[in-house]
S.K.: 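Encoded as structure tokens, here's the structure I'll be asking about.
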Amino acid sequence: MIGKLNHVAIVVPDLEVAALSYSTVLGAEVSDPVDLPAHGVTTVFVSLPNSKIELLYPLNSSSPVQPFLDRNPGGGIHHICFEVEDIFYARDQLLKEGSTVLGDGEPKEGAHGKPVIFIHPKDFFGTLIELEQV
Ligand code: CO
């Protein structure tokens with residue numbers, strides 16, 4: 001059902017330092033910071049030949065990633081995102097298998113303007129999984 005790894009999202013305590021680390025130490029191509037008010041985050045996109053890394057920083061104190069940063073002050077991997085062809089099919093399959101789809105279960109517009117759902121970390125060994133229809 002799942003296809004390519006679309007991105008790995010990492011919450012960081014300092015976006016500027018993190019972007020600089022990826023660009024200078026790792027030699028990666030990084031974007032300028034992009035505010036995503038609908039998601040409560042500022043993001044720097046790191047482009048890789050086969051995927052992306054999204055560096056996330058809370059846009060404000062009510063950001064959904066603020067509690068994660070509180071628990072992990074040094075930063076950490078927040079979620080991984082796989083591509084699917086049909087988000088409703090994927091959602092229904094997951095529910096049938098007993099997985100917990102977060103929120104009201106309806107796909108929402110994700111950071112790339114495409115429909116996404118999130119699956120509870122308890123269902124996949126401690127990792128929050130995002131599925132994005134491409
Ligand atoms: Co994501």
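All values derive from a computational prediction rather than experimental measurement. Each ligand, and each atom within it, is numbered from 1 in the order the structure gives.
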S.K.: Quick one: list whatever passes side-chain hydrogen bond (donor to acceptor under 3.5 Å, both in side chains) with Lys114, sequence neighbours left out.
M.R.: none

S.K.: Which pairs count as side-chain hydrogen bond (donor to acceptor under 3.5 Å, both in side chains) when at least one residue sits in residues 25-38, sequence neighbours excluded?
M.R.: Asp35-Thr42

S.K.: Can you confirm whether more than 12 heavy atoms, excluding those of Glu85, are under 6.0 Å from its CD atom?
M.R.: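 Check fails, neighbour count at 12 or below.
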
S.K.: Please tabulate, for the side chains in residues 127-134, all donor-acceptor contacts under 3.5 angstrom to protein atoms that are two or more places apart in sequence or on a different chain.
M.R.:
residue, atom, partner, partner atom, Å
Glu130, OE1, His7, NE2, 3.0
Glu130, OE1, His79, NE2, 3.0
Glu132, OE1, His112, ND1, 2.8
Gln133, OE1, Ile87, N, 2.8

S.K.: Got a sec: does the CD1 of Ile77 have more than 12 other heavy atoms crowding it under 6.0 Å?
M.R.: no

S.K.: Show the numbers, then the answer: is there a side chain to side chain contact (heavy atoms under 4.5 Å, CB included) between Leu94 and Ile117?
M.R.: CA-CA 11 Å; Leu94 284 158; Ile117 58 171; 4.1 Å; yes

S.K.: For a distance under 2.8 Å, give residue and atom name for each protein N, O or S atom next to the Co ion (ligand 1).
M.R.: His7 NE2, His79 NE2, Glu130 OE1

